[in-house]
Amino acid sequence: MPIGTAVHDRTLALAASLNYREWSGYYAVSAYEAHHEHEYNAIRNASALIDVSPLFKYLIRGRDAVKLVDRVITRDAFKLTIGQVCYTPWCDEHGKVIDDGTVTRLDEDTFRWTAADPSLRWFSQNAIGLDVTVEDISEQVAALALQGPTSAKLLAAVADADVKGLKYFRMTRGTIDGVPVDISRTGYTGDLGYEIWMPWDRAPVVWDALMAGGRPYDIHPAGMLALDVARVEAGLLLIEVDFNSSKKALIDSQKYSPYEMGLGRLVQLDAQPFVGRAPLVEEFRRGPARQIVGLDISWPAIEALYEDIGLAPQVSAAASRVAVPVYKAGHQVGRATTTTWSPILKKMIALATIASPHFAPDTELECEVTVEAVRHRVLATVVKTPFFNPPRKTAAVE
């Protein structure tokens with residue numbers, strides 16, 4: 001049985017739908033109402049408050065803390081300044097991704113590391129011989145994501161912290177209603193937004209302060225269904241859906257390298273050696289055999305399929321995590337792993353794993369679409385992600 005997060009009493013009181021799902025052993029709201037439309041609109045047009053406490057969180061401390069981080073991640077940890085956050089994958093010895101997450105340098109010898117899957121054993125194994133401690137703080141630190149165009153003004157009004165001076169992927173410290181918090185300008189929506197970290201037992205106080213102070217900014221609590229649509233628009237991958245952890249993969253084809261995930265920009269081969277570097281040097285030389293890319297699926301083609309049988313187009317508002325084949329000239333060259341209608345872009349989009357050489361931008365492919373139990377193929381064009389990338393996401397806050 002899942003258990004409640006630090007703010008479960010608050011989400012339960014607001015979740016009229018009682019539509020929950022399990023996330024890492026916790027209850028997570030799928031949608032607060034019968035439909036997630038208001039929650040999605042809050043992410044893109046106002047402010048959405050999302051409970052992301054089920055993330056795994058680790059505190060890395062000690063004289064060799066930066067050496068451990070640098071040994072594990074594919075990026076140069078020595079370049080991280082205090083208060084800086086980086087998004088990064090980390091790999092096994094074969095250069096296949098175990099997980100991805102964020103690393104925040106809290107001070108010279110302290111880092112907070114987030115992960116989707118449990119990572120304590122892997123971090124501890126790689127800490128052997130180093131003067132460093134790895135502590136699982138997942139049940140000690142709660143996390144709330146405040147996302148949307150009005151989130152900066154809301155946070156500035158509620159928090160005693162330098163929100164206006166906070167740059168993209170940077171962190172600051174302050175208080176909200178007397179509770180000490182870390183605030184990072186990060187998120188999983190591809191929009192202007194923040195993630196707030198606080199002591200687990202004080203999280204309800206912070207939730208209440210944000211909800212009360214957020215009324216003038218049209219704040220709404222948001223669940224996983226709305227977040228799923230937003231993260232696809234942002235081109236952000238979901239573990240065990242768009243890629244597999246190498247630790248859980250049953251066969252080699254289920255394992256992905258950072259290059260195959262489209263994260264080559266995060267692999268710094270000229271930095272200090274890290275776990276998996278040698279295979280990635282070779283893969284960089286030859287190029288990846290496949291890559292996760294964006295697909296723009298032809299909406300006129302989908303409309304035509306429904307018109308041919310006398311129906312109006314019927315597309316679920318929720319993102320589909322059912323993988324469907326993608327073809328080129330009649331041959332399967334990949335699969336779309338997450339597909340969704342984008343309300344803000346007014347088009348069907350997907351994240352897809354496509355074989356070389358067909359993952360180049362503007363390549364025309366065909367994606368399988370099922371209408372009334374009949375399978376069809378419609379035009380799908382490879383595009384660069386993110387699909388949606390508003391300037392406010394990274395712009396200076398006024």
Side-chain angles (χ1 to χ4, degrees), residues 30 36 40 224-245 248-257 259-262 288-388:
S30 291
H36 61 273
Y40 170 84
M224 298 297 104
L225 288 176
L227 182 61
D228 214 15
V229 174
R231 67 96 183 168
V232 176
E233 293 174 336
L236 300 174
L237 311 183
L238 181 61
I239 195 168
E240 314 307 345
V241 175
D242 301 305
F243 73 99
N244 302 99
S245 168
K248 294 183 177 179
L250 300 177
I251 54 178
D252 285 344
S253 64
Q254 292 179 349
K255 302 176 182 179
Y256 282 74
S257 76
Y259 293 113
E260 292 175 323
M261 290 170 61
R290 58 182 180 174
Q291 194 168 99
I292 299 178
V293 296
L295 292 182
D296 184 342
I297 302 173
S298 173
W299 183 245
I302 294 175
E303 282 186 316
L305 293 177
Y306 281 93
E307 185 176 354
D308 286 346
I309 59 173
L311 287 177
Q314 300 173 32
V315 178
S316 173
S320 170
R321 297 180 180 181
V322 178
V324 296
V326 177
Y327 300 89
K328 177 68 176 181
H331 299 283
Q332 186 173 352
V333 295
R335 64 184 187 276
T337 48
T338 310
T339 306
T340 189
W341 169 260
S342 167
I344 200 163
L345 300 175
K346 302 296 187 288
K347 61 172 66 174
M348 286 290 292
I349 57 176
L351 296 171
T353 297
I354 304 298
S356 176
H358 308 294
F359 54 67
D362 300 322
T363 301
E364 292 188 349
L365 305 171
E366 289 182 313
C367 185
E368 184 174 286
V369 174
T370 300
V371 178
E372 290 294 291
V374 178
R375 296 175 179 177
H376 305 269
R377 299 177 188 179
V378 300
L379 174 66
T381 305
V382 176
V383 296
K384 290 184 177 180
T385 58
F387 298 96
F388 179 67

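Only this structure's heavy atoms are used, side chains among them; waters, hydrogens and symmetry mates stay out.
- A 6.0 Å sphere centred on CG of D308 holds more than 12 heavy atoms belonging to other residues, nucleotides or ligands.
- Rounding to the nearest 0.5 Å gives a distance of 6.5 Å between CH2 of W299 and CE of M348.
- Between L237 and M261, the closest heavy-atom pair is CD1-O, 3.7 Å.
- Partners of A355 by side-chain contact (heavy atoms from CB on, under 4.5 Å), not counting sequence neighbours: none found.
- Considering only heavy atoms from C-beta on, K347 comes within 4.5 Å of D296 through its side chain.
- The two atoms that bring I297 and C367 nearest to each other are CD1-SG, 4.1 Å, heavy atoms only.
- Atoms OG1 and CD1, from T363 and I354 in turn, are 9.5 Å apart once rounded to the nearest 0.5 Å.
- Note: T353 OG1 to R290 CZ = 6.0 Å, rounded to the nearest 0.5 Å.
- With values rounded to the nearest 0.5 angstrom, F387 atom CZ is found 4.5 Å from I349 atom CD1.
- The minimum heavy-atom distance between Y40 and A226, with the atom names listed, is N-CB, 3.6 Å.
- Within 6.0 Å of the CD atom in E240, the count of heavy atoms belonging to other residues, nucleotides or ligands exceeds 12.
- Interatomic distance, CG of L227 versus CG of L236, reported as 9.0 Å (0.5 Å rounding).
- Within the structure, the side-chain hydrogen bond (donor to acceptor under 3.5 Å, both in side chains) test picks out the following pairs touching residues 311-324 (sequence neighbours left out): D228-R321.
- Not counting sequence neighbours, the partners of Q254 by the side-chain contact (heavy atoms from CB on, under 4.5 Å) test are N244, A249, L250, I251.
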Could you tabulate the donor-acceptor pairs under 3.5 Å formed by side-chain atoms of residues 323-346, not counting sequence neighbours?
{"residue": "K328", "atom": "NZ", "partner": "E364", "partner atom": "O", "Å": "3.0"}
{"residue": "Q332", "atom": "NE2", "partner": "G334", "partner atom": "O", "Å": "3.1"}
{"residue": "R335", "atom": "NH2", "partner": "Y256", "partner atom": "OH", "Å": "3.1"}
{"residue": "T337", "atom": "OG1", "partner": "D242", "partner atom": "OD1", "Å": "2.6"}
{"residue": "T337", "atom": "OG1", "partner": "L351", "partner atom": "O", "Å": "3.1"}
{"residue": "T338", "atom": "OG1", "partner": "R231", "partner atom": "NH2", "Å": "3.2"}
{"residue": "T338", "atom": "OG1", "partner": "D242", "partner atom": "OD1", "Å": "2.7"}
{"residue": "S342", "atom": "OG", "partner": "E233", "partner atom": "OE2", "Å": "2.6"}
{"residue": "S342", "atom": "OG", "partner": "L345", "partner atom": "N", "Å": "3.1"}
{"residue": "K346", "atom": "NZ", "partner": "P343", "partner atom": "O", "Å": "2.4"}

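- In this view, K384 satisfies the side-chain hydrogen bond (donor to acceptor under 3.5 Å, both in side chains) rule with no residue, not counting sequence neighbours.
- Checking side-chain atoms of H376 against main-chain N and O of A301 turns up no donor-acceptor pair under 3.5 Å.
- With sequence neighbours excluded, the residues forming a side-chain contact (heavy atoms from CB on, under 4.5 Å) with T370 are E368, R375, listed by chain and number.
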